[in-house]
Structures are given as C-alpha cells and as structure tokens.
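Here is the structure we will look at.
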Amino acid sequence: STGKVEHVSAESLFVSEPEPVYFGNPNNDANNPAWNNGNWLKSRFHFSFAEYNDVNRLDFGVLRVMNDDLVQPNRGFATHGHRDMEIVTYIVEGRLTHQDSTGTKETLGERSIQFMTAGSGVRHSEHNLST
C-alpha cells in the first residue's frame, strides 16, 4: 500500500449475500414488507475478505477489513469470535444490538459508533432486532 488516497466507487465494490444458515439465521423472508433486499445480508467489501480476493485491494495501511453491511430486520450475526484486532461499528441507519462475552449488551442507534478491542479473544453477536 502506498498510502495514496483513491476514490473507490460503490459500484466497484464486491457484493456478498451469504446464505442465512452461515450466520445462524433462518431462511430468508422474501415476503416481509420491512425487507428492502431479498437476502438477510448485503455486504459490500472494500478490501479482500471472506470469498472476495483481489490482490489490488488487500488493505489500506493497517486497515484490513471495511464492509458496508445492510442487515434485514430480525436477522444478524450469531455469536462468533475475534482476536488480535480492533473493530469499529458505525450505524448509518436503524439500530444494531451488540452482545459480547465481556457481558456488554447494548443497542446502537443511528450515527452511533462502537469500538471493540478483541485482544486475546472475544465472542460477540450483532442483530437488527427491528420488526
């Protein structure tokens, strides 16, 4: 990485729409009028991550993962682990409920920022509990 700032258009980002079961969710609810996407999750990856691999988009300095996630109502990420990283969550719209192995449980609203230090290991879940 050269440290040079580059404009990356939303259209050029890799879009991931994983199967609901991968993250502990029931089948998609295509008939739910509150959903604005056919899949429980629509992620746009800024850097190589999960099933996306682009040697030209590996990182930006120490920033390794940056995803834009649209999580449908009553869906989310089941409990999973992280270690040796800092995780920043910014809520653009709606609410996201976070719960982790340190005993923290909170619901973040629009324009909220959460910083989580995974350190030697933490397990957490995140869900859009709106209906």
Side-chain angles (χ1 to χ4, degrees):
S1 175
T2 64
K4 184 174 76 173
V5 176
E6 174 186 343
H7 174 78
V8 178
S9 68
E11 295 78 27
S12 73
L13 300 177
F14 180 84
V15 177
S16 175
E17 296 187 89
E19 293 294 324
V21 69
Y22 295 171
F23 294 91
N25 290 289
N27 288 333
N28 289 322
D29 190 0
N31 296 320
N32 187 332
W35 283 33
N36 56 8
N37 186 51
N39 196 46
W40 76 277
L41 174 68
K42 184 173 199 168
S43 289
R44 290 183 177 88
F45 297 162
H46 291 257
F47 306 121
S48 291
F49 182 70
E51 72 271 27
Y52 173 53
N53 187 15
D54 182 341
V55 296
N56 296 311
R57 289 189 179 168
L58 295 177
D59 56 33
F60 185 78
V62 298
L63 184 59
R64 175 67 185 92
V65 177
M66 188 164 91
N67 299 343
D68 300 336
D69 292 340
L70 171 63
V71 181
Q72 297 300 324
N74 292 312
R75 297 296 189 267
F77 300 93
T79 303
H80 60 284
H82 295 286
R83 63 177 297 128
D84 301 324
M85 65 178 64
E86 307 292 324
I87 299 170
V88 179
T89 303
Y90 176 74
I91 309 301
V92 174
E93 184 179 328
R95 301 171 72 74
L96 189 71
T97 299
H98 164 96
Q99 186 169 0
D100 65 43
S101 56
T102 69
T104 299
K105 182 175 182 179
E106 64 183 334
T107 299
L108 307 164
E110 285 184 26
R111 299 187 302 263
S112 294
I113 298 175
Q114 179 192 53
F115 297 93
M116 182 175 75
T117 298
S120 61
V122 68
R123 296 183 56 74
H124 78 123
S125 63
E126 295 172 307
H127 289 87
N128 174 355
L129 299 177
S130 66
T131 55

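What's counted below: heavy atoms across the whole structure, side chains too, no hydrogens, waters or symmetry copies. Predicted model, so just to flag it, every value in this text is computed and none were measured.
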For residues 14-27, dump all side-chain donor-acceptor pairs below 3.5 Å to protein atoms at least two apart in sequence or in another chain.
unit_1	atom_1	unit_2	atom_2	d
Ser16	OG	Glu51	OE2	2.5
Glu17	OE1	Asn37	ND2	3.0
Asn25	OD1	Gly76	N	3.1
Asn25	ND2	Gly76	O	2.7

Side-chain atoms of residues 83-90: list all donor-acceptor pairs with protein atoms under 3.5 Å, sequence neighbours left out, distances to 0.1 Å.
unit_1	atom_1	unit_2	atom_2	d
Arg83	NH1	Ser120	O	3.1
Glu86	OE1	Thr117	OG1	2.7

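Checked against side chain to side chain contact (heavy atoms under 4.5 Å, CB included), Asn56 has the following partners two or more places apart in sequence or in another chain: Asp54.
Of all heavy-atom pairs between Phe77 and Val71, the closest is CE1-CG2, 4.1 Å. Here the closest heavy-atom approach between residue Val8 and residue Ser12 is recorded as CG1-OG, 3.3 Å. Nearest heavy-atom pair, Asn74 versus Leu129, reported as atom, atom and distance to 0.1 Å: OD1-O, 3.7 Å. In plain terms, the two heavy atoms of Arg44 and Leu13 that are nearest each other are CB-CD1, 4.0 Å.
From Glu110, atom CD reaches atom CG of Leu96 across 12.5 Å, with rounding to the nearest 0.5 Å. From Glu126, atom CD reaches atom CD of Gln114 across 6.5 Å, with rounding to the nearest 0.5 Å. Here the straight-line distance linking atom NE2 of His127 with atom CZ of Arg95 works out to 16.0 Å at 0.5 Å rounding. Here the NE2 atom belonging to His80 is positioned 8.5 Å from the OG atom belonging to Ser125, to the nearest 0.5 angstrom. A distance of 8.0 Å separates CG of Leu108 from NE2 of His98, quoted to the nearest 0.5 Å. In this structure, CG on Leu58 lies 6.5 Å from CZ on Arg64, to the nearest 0.5 angstrom.
Counting only heavy atoms from C-beta outward, the side chains of Asp29 and Arg75 approach each other to under 4.5 Å. Between Phe47 and Tyr52 there is no side-chain heavy-atom pair separated by less than 4.5 Å.
Checking side-chain atoms of Asn67 against main-chain N and O of Asp69 turns up no donor-acceptor pair under 3.5 Å. Formation of a donor-acceptor pair under 3.5 Å by the Asn32 side chain with backbone atoms of Ala34 is found in this model. A donor-acceptor pair is defined here as one N or O able to donate and one able to accept, closer than 3.5 Å; such a pair exists between the side chain of Gln72 and the backbone of Asn36. Between the Asn28 side chain and the Ala30 main chain, no donor and acceptor come within less than 3.5 Å of each other.
Met66 and Phe45 sit in two unconnected hydrophobic clusters of ILVMFWY residues. Membership requires side-chain heavy atoms under 4.5 Å apart, directly or through other members.
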Full working for side chain to side chain contact (heavy atoms under 4.5 Å, CB included) between His46 and Asp68: CA-CA 8 Å; His46 291 257; Asp68 300 336; 3.2 Å; yes
